[in-house]
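Below, all heavy atoms of this structure are taken into account, side chains as well, without hydrogens, waters or symmetry copies. Every chain is numbered from 1, with letters handed out A, B, ... down the list of sequences.
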Protein chains: 2
Amino acid sequence: MSESTNKLYGTVLIRAKEILDYLLNSETAPTLKEISDGIGMTKPTTLKILTTLEALKFVTRDENTKAYFLDVSLLAYGEKASEEFDIRSIVTPTLSRLRDSTGETINLGIVNDNEIVLLDKFESPQSIFLKSRIGGRMNMYSSSMGKAILSAYSDTEMADYLDHTDLKKVTPNTITTSDALIADLQTTKGRGYSVDDEENEVDIFCVGFVITKYQKIYGAFSITAPKFRMGSEKRKKIVQLAKAAQKEIIDKI
Amino acid sequence: MSESTNKLYGTVLIRAKEILDYLLNSETAPTLKEISDGIGMTKPTTLKILTTLEALKFVTRDENTKAYFLDVSLLAYGEKASEEFDIRSIVTPTLSRLRDSTGETINLGIVNDNEIVLLDKFESPQSIFLKSRIGGRMNMYSSSMGKAILSAYSDTEMADYLDHTDLKKVTPNTITTSDALIADLQTTKGRGYSVDDEENEVDIFCVGFVITKYQKIYGAFSITAPKFRMGSEKRKKIVQLAKAAQKEIIDKI
DNA sequence: CCTTTCCGTTTCTTATTTAGAAATGATAAC
DNA sequence: GTTATCATTTCTAAATAAGAAACGGAAAGG
């Protein structure tokens, strides 16, 4: 929101990203028409960009149905990118054990552009919902990982975050005022973990733990479960196990 | 090699990919000069593309060092792409157990553009080498996963593969003639698994198993170990476990 | 079996964008 | 404080892109 207002170079590149994003958010592989209608570009232009994207192996086209989808070649870029933040290698054994001991799904996230990006997940065998995808994004203010991280922010960082964020309702429980959010983060700080009580997704309850050492914030992890499986006894037990995991991780950094 | 020779649309897009590839293959985050020199583009042009890539969240720039690296936002595209081929969910529990029972690293790959793309890996605790990265590519003719898949190809498919591939030496052991490769694949077919005896990487020995059902090839998995840990006894045991895993996977498809 | 419709593809021309030489800043090295 | 080196900005001829219109081909409907 404080971006330079100068026009960006690379019209085709920008449009190509629109196409990639369209494919990213499509349930099923779309055809040329669907894409060009969906984005509001003319067919010839869309076709030309798609043809180039295909040649570059960013997309693939089904020869029969003529439908487009993202190409697995893209995997390499994301994996390389996430290597830069390599908490994963440190964190994996601990979180994998935490999954086993809690029986619930564990997520690992980092901050990227004021949002949480899901870096990895350790799924519980009983997990029904797999809405989330590695690389997927969520709000900081409505998720347990986000709130765990926000609770470690300085006042300046927090002010900057609020400055760049609209607290929009995602579910009926989402916190939508700065004051309420700041109060919640205060509680989080005292308690040592954050709680997302159906604030990001209905029926889903999460607790979140920040991974931070010597002032530096590395990311956060959370334990996610359907609300009916998160009674106060269970939650107490999970928190205890997770706090031990958090300590173990921080010691390894 | 039978591509249309027409000039491709989207100059900037093509150049942007060159930059992304340069970042993908850089050990350390490069600066503008390194990138422009490395690719052979002028600095102003490179800067302009990088600035747009940054705005699109494909790259990030370190404010202090001015160095560029790939942005984690890219994760989402690759993950979505690999979902299309979702053998992973079917295969994960079995391969994870195979890792535990063999104590060695298991790789899962699929074919993309006549090469193997590493879709997932299940690392052994004793794995020293982590040269490979998810999304990484290797030759079909020099890798065990590739040869396992080639052994399931029809004559036409194989002819087409050879037509589009140079059998270049990767290590002293790499097979570099069609005849030798075809003979090796014959052996593979009879034996039920492929062997890569330092053909792709010195000191590394792998066995590969194709995942195929009703004529359709879904991918392959391999067991990788340093050669000194792959004596014939150990290998026999591993093959036995892997064949059971292969059967289990195919039954689940 | 012919007609219509609906996409995908090609062509063409004006308007827009780009590429890079050169100049300028900024910063680090000496 | 001078020099070297890299990042950034400016500017304009030359290259590229955008989209209207026309075309082609396959599938649907009568």
**OP:** From the options C:dT9, C:dG20, D:dG19, select the nucleotide whose nearest atom is closest to the side chain of A:Thr42.
**Re:** D:dG19
**OP:** Check every strand shown and say whether A:Thr45 touches a base, only sugar-phosphate, or nothing at a heavy-atom separation below 4.0 Å.
**Re:** base
**OP:** Look at the side-chain N and O atoms of B:Arg61 and state whether any lies under 4.0 Å from the OP1 or OP2 oxygen of D:dT8.
**Re:** yes
**OP:** Assess the side chains of B:Ser73 and A:Arg137: does a donor N or O sit below 3.5 Å from an acceptor N or O?
**Re:** yes
Original post:
Does B:Lys48 have a side-chain nitrogen or oxygen under 4.0 Å from the phosphate oxygens OP1 or OP2 of D:dT9?
Top reply: no
Original post:
Per the atom types in the model, does the base of C:dG8 pair as donor or acceptor with the side chain of A:Lys43 at under 3.5 Å?
Top reply: yes
Original post:
Is B:Asp62 salt-bridged to B:Lys66, cutoff N-O under 4.0 Å?
Top reply: no
Subject >> Distance test, side-chain N/O of A:Arg15 to OP1/OP2 of D:dG19, below 4.0 Å >> reply: yes
Original post:
Does the side chain of B:Leu108 come within less than 4.5 Å of B:Leu118's, by heavy atoms?
Top reply: no
Original post:
C:dT17, C:dT9, D:dA20: which one has an atom nearest the side-chain heavy atoms of A:Lys7?
Top reply: C:dT17
Original post:
Between atom CD in B:Glu54 and atom C1' in D:dA7, what is the gap in whole Å?
Top reply: 13 Å
Subject >> Position toward the 5' end of DNA chain C (nearest nucleotide), A:Leu47 or B:Ile49 >> reply: A:Leu47
**OP:** Hey, which sits more toward the 5' end of DNA chain D by its nearest nucleotide, B:Thr11 or B:Glu34?
**Re:** B:Glu34
Subject >> Nearest-Å distance for atom pair CG/P, residues A:Leu13 and C:dT17 >> reply: 14 Å
**OP:** Using atom NZ of A:Lys66 as one end and atom C1' of C:dC6 as the other, report the distance to the nearest whole Å.
**Re:** 14 Å
Subject >> Protein-nucleotide distance (B:Tyr68, atom OH; D:dC6, atom C1'), rounded to Å >> reply: 12 Å
Original post:
Are side-chain N/O atoms of B:Glu157 and B:Ser154 paired as donor and acceptor at under 3.5 Å?
Top reply: yes
**OP:** Would you indicate which nucleotide in C:dT18, C:dG20, D:dA7 comes nearest to any side-chain atom of B:Leu32?
**Re:** D:dA7
